[in-house]
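Heads up: the structure comes next, in structure tokens.
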Amino acid sequence: MSKAKFYHAGCPVCVSAEQDIVNLIGQDKVEVIHLGEKQNLIAQAEKEGVKSVPALVTDNGNVLHINFGASLEAVKG
């Protein structure tokens, strides 16, 4: 079974959303990816349709942009 992916950049909005997502979905069903620490995964996030973080990519590929914390362009910089 594939996991949902939660992308964030470590900002307060992202950290709060991460806690809520993990509580709602469950730690075992979501992979948390901190793009500020793993910038090599930004291209993967872009391919999956992520435009800003925090964002949840569901296990069937839908992208849910939760709240505007930062654009991926800002995370790259």
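Since the structure is predicted, the reported quantities are computational estimates derived from the model, not experimental observations. Note: hydrogens, waters and symmetry copies are ignored here, and every other heavy atom, side chains too, is used.
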Path from [X] to [Y] over hydrophobic side-chain contacts below 4.5 Å:
{"X": "Leu64", "Y": "Val32", "answer": "yes"}
{"X": "Ile66", "Y": "Leu35", "answer": "no"}
{"X": "Ile33", "Y": "Val50", "answer": "yes"}
{"X": "Val63", "Y": "Val75", "answer": "yes"}

Checklist entry - Which side-chain hydrogen bond (donor to acceptor under 3.5 Å, both in side chains) pairs, counting each pair once, include a residue from residues 49-58, with sequence neighbours left out? => result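 Of all non-adjacent pairs touching residues 49-58, those that pass side-chain hydrogen bond (donor to acceptor under 3.5 Å, both in side chains) are Thr58-Asn60.
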Extract all donor-acceptor atom pairs below 3.5 Å that involve side chains of residues 13-25 and protein atoms in other chains or at least two apart in sequence.
from  : atom 1 : to    : atom 2 : distance (Å)
Glu18 : OE1    : His8  : NE2    : 3.1
Asn23 : ND2    : Gln19 : O      : 3.1

Could you list the donor-acceptor pairs under 3.5 angstrom formed between side-chain atoms of residues 41-48 and any protein atom two or more places apart in sequence or on another chain?
from  : atom 1 : to    : atom 2 : distance (Å)
Gln44 : NE2    : Tyr7  : OH     : 2.8
Glu46 : OE2    : Lys76 : NZ     : 2.8
Glu48 : OE1    : Tyr7  : OH     : 2.7
Glu48 : OE2    : Lys5  : NZ     : 2.8

